[in-house]
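Below is one structure, written out as structure tokens; comments come after it.
Side chains are part of it too, since the values below use all heavy atoms of this structure and drop only hydrogens, waters and symmetry mates. The first residue in the sequence is number 1, and the count goes up from there.
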Amino acid sequence: MGDQLTAADVLVDRLIQWGVDVVFGLPGDGINGFMDALHNRRDDLRYIHCRHEEVAAMAAVGYAKFTGRLGVCFATAGPGAAHLLNGLLDARTDQAPLLAISGMTYHDLIGTSYLQDVNTDYMLNDVALYNQRIMGPAHVVNVTDYAVRTALTLRGPAHLTFPIDFQAAPAGSGSRFRRNVEGHTSTSYRPPIRVPRRQDLDAAARVLSGRARPVILAGAGARGAVDELEAVAEKLGAPIVKAQLGKDCVPDDSLYTTGPIGLVGSRPSEEAMEECDALLIVGSTMPYIEFYPAPGQAVCVQIDDMPERLGLRYPVDVPLAGDARATLSELLPLLTRNEDRAFLTKAQRGMRDWWRLMEERATRTDLPMKPQVPAWALNAALAPDAIVCGDSGTVTSWAARQIMIRRGQMFSFSGTNCSMAAGLPYAIGAQAAYPGRQVVAFTGDGSMTMQLGDFLTAVQHDLPIKIVVVKNNTLGLIKWEQMVYLGNPEYGVNLAPIDFVKFAEACGARGVCVTDPASCADQMREALSWDGPVIVECLVDQHEPPLPAKVKSHQVEKLTEALLQGTPNRNRIALQMIKDMLDESSFAASPAHAVPRKVGQAAATLVGRLRDRAKGEHPE
């Protein structure tokens, strides 16, 4: 179109006015008008060329989560748009502001079975909080402003689908209805910061007053409120339990936190929830309802800036609709100090035991190397302002328990969506947002191989992300879920091994393979100091179970069923689990803590011999 402004130019210009500085996507003929507009604005708007549209959408989610700003992704019509779906779902379930732009076939051929003729707006309607088809050049600014404002306000995905011919149409072409006055909408926006009414804050303070065993449950909505959370915890004498999406809302080395809760949780967190008489929920709707106090056990105050989520997981006595940080600031001076520190002291003592147990598990010298070892080794290699991107699988357990996020560091993963293969895209998005910060993806070989091609995105765009891959050649979490939850033998979870170091080198990057726990920490530090993208391949024991903080009897029963039904390597698995539990039987925080120390040590020695014999009889 030469120098003539197109409708796609108008859209890109509007994104720039909204402060968008990077977009993630993959070109195609159904989005080429938009691509030309990006080319024309390449000095003002960075384009990250991803190898897969799902990665583009997930990268935009990562960008949004770590910045709080709008993430933007795009794809061509039909199959390209379909590939965006999981990223939009991730943004919706984890509350990340996202704008997805998709191509669509020519406006006057829609519904005629033309090439890639899919009603993309219909297809994405279940996941997009705002979802519109652009109806012509005069429609662009109106819907773009509304889409961006909706995504930012509701913290979720918005979607615009753009017919091919409209993208390249002159900006002033087409009809404009007289009530569609040009310039009637703007990019002025301020994030809403809601604070509850004073009488509601007073009621919350009264409910929490006089409680001897209060607990704070903090989630992603409490990020950015670390000082306020710790001040309230100090005043109430309350341990802070963290949902995994809120891992960085309070540092893991805080004196007040008992760390994670749920299937990847700590024993002190689980005990605090079991024993509490008051619960203050801040920015969390952690979905594992069985880990909350029993209904009626504790009085409850909940803070959430989405009123519809108040009371979603636990009966609430006083709901406070408001921003976490602002509401805690208003609530703090109204609270009565709890002089009884016994409950908090017990939790702190429990956490000291728990960290000893985590270190014990993470510094074992067994071969093959335990998966906790590289997670623990990562701590010493992380920069003070590092950004860590987790993933789904058994790696979620190791990240929750062994990676210690400190003040100034950030962490996130696909939490409520629990999508595999989010770690690498999140890292791409985070590094694009913060080019000067250390960004690390902590992932498994199952997740990494799903989106392996996009390691080249990091290489191509000089994104120096570091990827720590816990490699056990199996879909570990699925394996254990099959056995522990269903009592079935593992099936269909084995992975063909891949040499990640050779792959990294083939991409023009660097890689290192870690096999020895004795050298793991040194290799990790060295690899994270290298320039450019790096893959750190860590070969680990595939039979190491992600044990819950407390092993339940029904889990043991199901596992026993699975072993009896013929799970491969069942002798090694059973003997290793027994030995591990007996080895750590002296730790108060261990699932086997009730076993007498001498008995445990003697039994562990015997089981170790049996394990070695089983290994000799049934080598893998």
Side-chain angles (χ1 to χ4, degrees), residues 89-90 92-95 155 204 207-208 211 213-223 229 238-247 249-250 257-321 324 347 390 392-393 396-397 399-401 412-419 477-478 480-481 484-487 546-558 591:
L89 181 60
D90 207 56
R92 177 151 185 164
T93 56
D94 278 5
Q95 300 180 47
R155 293 195 307 274
V207 163
L208 295 172
R211 302 292 169 174
R213 302 183 305 280
V215 167
I216 298 170
L217 171 61
R223 298 173 79 193
L229 280 169
I240 302 172
V241 172
K242 297 188 296 182
Q244 184 65 352
L245 273 173
K247 182 175 175 65
C249 70
V250 171
T257 187
T258 53
I261 188 66
L263 300 173
V264 300
S266 74
R267 189 180 186 92
S269 287
E270 197 166 333
E271 290 177 343
M273 293 291 256
E274 289 172 349
E275 299 167 9
C276 71
D277 62 3
L279 179 63
L280 173 59
I281 304 174
V282 184
S284 177
T285 49
M286 188 269 295
Y288 300 106
I289 299 173
E290 69 272 26
F291 287 93
Y292 286 80
Q297 170 190 322
V299 296
C300 181
V301 173
Q302 183 177 357
I303 300 170
D304 204 297
D305 63 357
M306 292 187 170
E308 69 273 18
R309 289 177 172 256
L310 294 168
L312 182 62
R313 308 294 187 209
Y314 193 77
V316 173
D317 294 278
V318 181
L320 297 177
S392 294
T396 309
S397 294
R401 293 169 171 174
S412 195
F413 76 124
S414 177
T416 310
N417 194 26
C418 293
S419 176
L477 185 61
I478 308 304
W480 291 104
E481 286 176 339
V484 174
Y485 294 129
L486 297 176
L547 286 172
K550 293 185 177 183
V551 178
K552 306 294 193 298
S553 60
H554 68 87
Q555 294 170 329
V556 176
E557 291 169 3
K558 291 295 184 182

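The salt bridge (charged side-chain N to carboxylate O under 4.0 Å, His left out) test applied to Asp305 returns Arg155, not counting sequence neighbours. For Asp304, the salt bridge (charged side-chain N to carboxylate O under 4.0 Å, His left out) criterion is met by no residue, not counting sequence neighbours.
To the nearest 0.5 Å, atom OG of residue Ser284 and atom CG of residue Leu312 are 10.0 Å apart. In this structure, SG in Cys418 is found 10.5 Å from CD in Gln244, a value given to the nearest 0.5 Å. Taking OG1 of Thr285 as the start and CZ of Arg313 as the end, the distance is 5.0 Å to the nearest 0.5 Å. Going from atom CE of Met273 over to atom CG of Leu279 covers 5.5 Å, rounded to the nearest 0.5 Å. Here Asn417 contributes atom CG and Leu89 contributes atom CG; the two are 4.0 Å apart, rounded to the nearest 0.5 Å.
In this structure the side chain of Leu320 never reaches within 4.5 angstrom of the side chain of Gln302, judged on heavy atoms. Side-chain contact between Thr257 and Val241 is absent, with no heavy-atom pair separated by less than 4.5 Å. Looking at Leu245 and Ser412, their side chains come closer than 4.5 Å, going by heavy atoms from C-beta outward. Within the 4.5 Å cutoff, the side chain of Val301 has no heavy atoms near those of the Val316 side chain. In this structure, Met286 and Tyr292 have side chains that are in contact, with non-hydrogen atoms separated by less than 4.5 Å. Contact check for Pro260 versus Lys247: no side-chain heavy atoms found under the 4.5 Å cut-off.
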- Task: Before giving the answer on side-chain contact (heavy atoms from CB on, under 4.5 Å), spell out for Val264 and Tyr288 the whole-Å C-alpha distance, their side-chain angles and the decisive distance to 0.1 Å.
- Result: CA-CA 11 Å; Val264 300; Tyr288 300 106; over 6 Å; no
- For Asp90 and Ser419, run side chain to side chain donor-acceptor pair (under 3.5 Å): C-alpha distance rounded to whole Å, both residues' side-chain angles, the deciding distance at 0.1 Å, then the answer. CA-CA 8 Å; Asp90 207 56; Ser419 176; 5.4 Å; no
- Message: Quick one, Lys242 with Val250, criterion side-chain contact (heavy atoms from CB on, under 4.5 Å). Give me CA distance, side-chain angles, the key distance, then yes/no.
- Response: CA-CA 8 Å; Lys242 297 188 296 182; Val250 171; 4.2 Å; yes
- Item | Candidate pair Leu477 and Ser392, rule side-chain contact (heavy atoms from CB on, under 4.5 Å), full reasoning | CA-CA 9 Å; Leu477 185 61; Ser392 294; over 6 Å; no
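Taking every heavy atom of both residues into account, Pro319 and Leu310 meet most closely at CB-CD1, 3.7 Å. In plain terms, the two heavy atoms of Asp94 and Phe413 that are nearest each other are OD2-O, 3.3 Å. Annotation for Arg211 and Asp277: closest pair CB-OD1, 3.5 Å, computed over non-hydrogen atoms. Of all heavy-atom pairs spanning Gly265 and Arg401, the tightest one is O-NH2, 2.9 Å. Residue Ala324 comes nearest to Gly221 through the heavy atom pair CB-O, 3.3 Å, listed as atom of the first residue, atom of the second, then distance. Residues Ser266 and Ala549 approach most closely at C-CB, 3.6 Å, considering heavy atoms.
Side chain of Gln297 to backbone of Cys276: a donor-acceptor contact under 3.5 angstrom is found. Of the possible donor and acceptor atoms, none in the side chain of Glu270 sits under 3.5 Å from a partner among the backbone N and O of Gly262. Panel note: side chain Thr396, backbone Gly393; a donor-acceptor pair is recorded below 3.5 Å.
Checked by atom type, the side-chain pair Thr416/Thr93 shows no donor-acceptor distance below 3.5 Å.
For the pairing with Ile240, the side chain to side chain contact (heavy atoms under 4.5 Å, CB included) check across Thr258, Leu280, Val215, Leu229 returns one residue only, Leu229.
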